[in-house]
Amino acid sequence: MTSQRPVRVRYAPSPTGDPHVGNIRTAIWAWLHARHTGGQFLIRIEDTDQSRKVEGSVERILASLEWLGLDWDEGPDIGGPYGPYVQSERLDLYRAAADRLLAGRQAYRCFCTPEELDAMRARQREQKRPPGYEGRCRNIPPEEAADRGAREPHVVRFAVPEGGVTVAEDLLRGPIEVANDTLDDFVILKSDGFPTYHLAHAVDDPAMQITHVTRGDEWLPSLPRHALLFDALGEPRPIYVHTPIILAPGGGKLSKRHGAKSVLEYAEDGFLPDAVLNFLCITGWGYGDETVFSRERLIEVFEIENLSLNPATFDMDKLTWLNGVYLREMPVETLAEMIAQRLERELPADVYRPLDRGLVEEATPLIQERIQTLADVTPLVDFFWQSEVPTPPADAFLQKKFRGQPVEAARLLTASARTVEATDPFEAAVLEERMRALAAELDVKVGDLFTLVRVAVTGRRVTPPLFESMEIVGQGVCVDRIDAAAAMLAEVPQPEPS
RNA sequence: GCUCCCAUCGUCUAGCGGUUAGGACGGCACCCUUUCAAGGUGCAGACAGGGGUUCGAUUCCCCUUGGGAGCACCA
């Protein structure tokens, strides 16, 4: 138990689309870090690239967090003491910071055109030299630069100190050293007046009193730049936590193809928020021998310094299994509600709505331990709602013991129909007892007999428990379907016993 | 090409100088069983390689190899 002061952490997505699981995992960890220490979690929208902005993203991002049950203390929708929480509304702050650096000659105006920069990079590639800005505009006298700056388009670049080494600390990795010569003069203010990520980060995180910057480790190479920037601005550096990325199952980058889906898509696919939260959290983090963690348990034991450093592979099988665990542990009433919603959406249009809730509640316990996601529900129980279940083709019956034995199958089904018909009261337990007795009487294995009946009544070889299902379907319908199947099989021509 | 990061079963991980290297998913076998599940039991399966440091390295250091990331007026 490490004693930790309350932290202030943030999730700072750019509104360029739905957050995918790798991205949201970092948010989960930051959120847990905040909740574990009794600190604050806030959201800041990083929309400094107008061209990449996607309409509706902010809403989708917030909806994603809400679905996962991650609540925030300050953010674009609810405001807070350090707002605004949208970077495009904070341009004055970035401008002021850039001006300060300019005045202190820690930054300079650069008038190189994109074409010139392209040419420079081409030259560097040709000469096998590392790419990077070479400082053409660094030595323009400040007065002249300011003068030109009033008329000409330009960017502002940070003047990286020449020589020396910059050391920056990552909470998980310790000090990271980089020679300043390997750093080029990066842009901090774009020609359109918007800041780059670097400047926005160095301005906003201190302004918002952020104690720990949790972000993807693709930022690690930029860490020294940020350290330099913070120093130049006279801001104390935050504690950095760079989190590893998630890999696709085959290895390599996680793409839409391999589960880099957005969290909202997982909701669609029938996954539960708690299961996704649990899964994402434990891919890249572990706590002793535990695997299944409730939300409360995660808040209790999650320590951000225990994050794993190696990139994790997204294990879809494990997510699916974990979702099944949550489904099974859920109170039946809660599950029934979710199943009802699924069925309302997925059952064929010709099924009468609203659905009979009593039926849903009867069916739910039958399938609770048979589903791994809510998407498994409908195919498993739809026959309960189908008034017309067509008799399946003969092949569905004539498997295993009954291969080539349509007459025998028909005979057993007919006998079953009579037994089902005579069962009173028509309850699963009674039915089972009678059918077992029938199997003994006819000298067939119960499994063989029950399979015939199962296929006749449900149209499937795999179903929820047979007698409970039959009770739900109803006596008359069961008898009709079994008789229909027997009649159909009686028509099948016997194979020539050649 | 340059810079940085990472390295325990197939996968996610525990381990933080001395362990029969533990757990989970997945796989296999058996049990239970009306199908399918669920559940139970068991089995197979890892410290990338080489140097050091140390009485002793999975653990600390270096190199190699292998992965990954970055090198934009994107974040």
Side-chain angles (χ1 to χ4, degrees), chain A residues 12-14 16 46-49 51-52 110 112-114 117-118 121 124-125 127-133 153-157 170 172-173 176-179 181-184 186-198 200-201 215-224 242 244-245 247 249 251-253 279 282-292 306 308-322 324-325 328 366-372 376 380 432 435-436 439 445-455 458 460-467 469:
Chain A
S14 18
T16 53
E46 310 228 321
D47 60 343
T48 55
D49 184 353
S51 65
R52 294 208 312 159
C110 170
C112 295
T113 64
L117 295 174
D118 284 345
R121 278 187 282 267
Q124 289 164 336
R125 197 165 38 246
Q127 298 169 9
K128 292 194 179 275
R129 297 201 339 266
Y133 187 67
H154 63 280
V155 300
V156 176
R157 288 181 185 274
D170 175 85
L172 305 175
R173 294 161 246 256
I176 288 164
E177 287 183 32
V178 171
D181 293 341
T182 66
L183 269 24
D184 70 346
F186 53 98
V187 174
I188 57 176
L189 200 67
K190 300 184 260 185
S191 57
D192 62 3
F194 279 69
T196 59
Y197 172 87
H198 309 297
H201 158 54
R215 58 169 32 166
D217 69 4
E218 69 268 21
W219 289 109
L220 215 37
S222 297
L223 180 57
H242 290 92
I245 58 162
L247 263 27
K253 206 169 180 183
F279 171 75
I282 63 171
T283 114
W285 175 83
Y287 184 75
D289 282 352
E290 292 178 49
T291 303
V292 181
N306 291 141
S308 166
L309 261 2
N310 24 4
T313 305
F314 192 90
D315 188 348
M316 194 62 195
D317 284 342
K318 195 164 189 172
L319 202 213
T320 304
W321 164 80
L322 200 49
V325 171
R328 270 170 252 130
L366 263 35
I367 61 170
Q368 181 159 22
E369 64 184 28
R370 270 163 251 268
I371 56 176
Q372 291 191 292
D376 295 337
L380 204 50
E432 177 169 358
M435 288 299 291
R436 282 182 184 283
K445 296 211 299 200
V446 289
D448 293 334
L449 182 66
F450 293 1
T451 295
L452 288 178
V453 175
R454 179 190 313 283
V455 175
T458 69
R460 311 232 164 97
R461 296 186 67 85
V462 174
T463 71
L466 181 58
F467 303 109
S469 297

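Below, chain A is the first sequence line, B the second, and so on; all start at residue 1. For the numbers below, each heavy atom of this structure counts, side chains included, while hydrogens, waters and symmetry mates do not.
The separation of B:U13 from B:C6, taken at their C1' atoms, amounts to 15 Å, rounded to a whole angstrom. Comparing the C1' positions of B:G51 and B:G67 gives a spacing of 22 Å, expressed to the nearest Å. The C1' atoms of B:C9 and B:C36 are separated by 30 Å, rounded to the nearest whole Å. When the C1' atom is compared between B:A48 and B:U59, the two are found 16 Å apart, to the nearest whole Å. Only the C1' atoms considered, B:G1 is 34 Å distant from B:U11, to the nearest whole Å. Atom name C1', nucleotides B:C12 and B:G27: the rounded distance is 16 Å, in whole Å. B:U58 and B:A7 have their C1' atoms separated by 12 Å, given to the nearest Å. Here the separation of B:U35 from B:U19, taken at their P atoms, is 48 Å to the nearest Å.
Within the 4.0 angstrom heavy-atom criterion, base atoms lie near A:Leu466. Within the 4.0 angstrom heavy-atom criterion, only backbone atoms of the sugar-phosphate kind lie near A:Ile245; the bases stay farther away. Across all strands shown, A:Arg215 has no heavy atoms under 4.0 Å from either base or sugar-phosphate atoms. When heavy atoms are screened at a 4.0 angstrom cut-off, A:Pro311 is found touching the sugar-phosphate backbone but no base atom. At the heavy-atom level, A:Val155 lies under 4.0 Å from base atoms of the strands shown. A:Ser191 comes within 4.0 angstrom of a base, heavy atoms only. Among the protein residues, A:Pro464 comes within range of the nucleic acid bases, having at least one heavy atom under 4.0 Å from a base atom. Using a 4.0 Å heavy-atom distance criterion, A:Gly216 is classed as making no nucleic acid contact. If you check every strand for non-hydrogen atoms under 4.0 Å, A:Thr313 touches sugar and phosphate atoms only. Using a 4.0 Å heavy-atom distance criterion, A:Pro153 is classed as making no nucleic acid contact. Using a 4.0 Å heavy-atom cutoff across all strands shown, A:Asp49 reaches sugar-phosphate atoms only and no base atom.
Listed candidates were B:A75, B:C6, B:G1. Nearest to the side chain of A:Trp219 is B:A75. Listed nucleotides: B:C5, B:C36, B:C25. Nearest to the side chain of A:Arg173: B:C5. Distances from the side chain of A:Pro465 to the nucleotides B:U35, B:C73, B:A75 place B:U35 closest. Considering only the side chain of A:Val178, B:C4 comes nearest among B:C36, B:C25, B:C4. The side chain of A:Arg436 has B:U34 as its nearest neighbour among B:U13, B:U34, B:C5. For A:Arg52, counting side-chain heavy atoms from C-beta on, the closest listed nucleotide (B:A75, B:U13, B:C4) is B:A75. Candidate nucleotides B:C6, B:C25, B:G1 were compared by shortest atom distance to the side chain of A:Asp315, and B:C25 ranks first. Each of B:C25, B:U34, B:G1 was ranked by its minimum atom distance to the side chain of A:Pro130; first place goes to B:G1.
Look at B:A14: it lacks any Watson-Crick or wobble partner with both distances under 3.5 angstrom. Nucleotide B:U35 has no partner under the Watson-Crick or G-U criteria, as no pair reaches both atom distances under 3.5 Å. Nucleotide B:G42 is matched to B:C28 when pairs are restricted to Watson-Crick or G-U wobble geometry with both distances under 3.5 angstrom. Here B:U53 sits opposite no nucleotide as a Watson-Crick or G-U wobble pair (both hydrogen-bonding atom distances under 3.5 Å). In this structure B:C73 sits in no base pair that meets the Watson-Crick or G-U test at under 3.5 Å. Searching all strands for a Watson-Crick or G-U wobble partner of B:C47 with both distances below 3.5 Å returns nothing. Pair assignment for B:C4 gives B:G68, based on Watson-Crick or G-U wobble hydrogen-bonding distances that are each under 3.5 Å. Nucleotide B:U58 forms no Watson-Crick or G-U wobble pair with any nucleotide shown, as no partner meets the under 3.5 Å limit on both distances.
Look at A:Arg125 and you won't find any side-chain N or O under 4.0 angstrom from OP1 or OP2 of B:C71. Between A:Lys190 and B:A75 there is a side-chain polar atom (N or O) within less than 4.0 angstrom of OP1 or OP2. The side chain of A:Arg328 contributes no N or O atom lying less than 4.0 Å from OP1 or OP2 of B:A37. For A:Thr182, no side-chain nitrogen or oxygen approaches OP1 or OP2 of B:C2 to under 4.0 Å. Distances shown here put a side-chain N or O of A:Thr48 below 4.0 Å from the OP1 or OP2 atom of B:A75. Close to B:C16, at under 4.0 Å from its OP1 or OP2, lies no side-chain N or O of A:Asn306.
B:A69 atom P lies 17 Å from atom CD1 of A:Ile176, rounded to whole Å. Counting to the nearest Å, the C1' atom of B:G70 and the CG atom of A:Leu223 are 12 Å from each other. One can place CG of A:Asp170 at 10 Å from P of B:C5, the figure rounded to the nearest angstrom. The separation between A:Asp118 atom CG and B:C73 atom C1' is 11 Å, rounded to whole Å. Whole-Å rounding puts the A:Leu247 CG to B:G66 P distance at 17 Å. One can place CG of A:Leu322 at 10 Å from P of B:C25, the figure rounded to the nearest angstrom. When rounded to the nearest whole Å, the span between CZ of A:Phe186 and P of B:G70 equals 17 Å.
Between A:Lys445 and A:Asp448 there is no salt bridge, since no side-chain nitrogen of the basic residue lies less than 4.0 Å from a carboxylate oxygen of the acidic one. Under the 4.0 Å criterion applied to side-chain N and carboxylate O atoms, A:Arg173 and A:Asp170 are assigned as salt-bridge partners.
Note: A:Thr320 OG1 to A:Asp315 CG = 8.5 Å, rounded to the nearest 0.5 Å. Taking CZ of A:Phe450 as the start and CE of A:Met435 as the end, the distance is 6.0 Å to the nearest 0.5 Å.
Neither side chain, A:Arg121 nor A:Tyr133, offers a donor N or O lying under 3.5 Å from an acceptor on the other.
Each of A:Asn306, A:Leu309, A:Asp217 was compared with A:Leu172 under the side-chain contact (heavy atoms from CB on, under 4.5 Å) criterion, and only A:Leu309 meets it.
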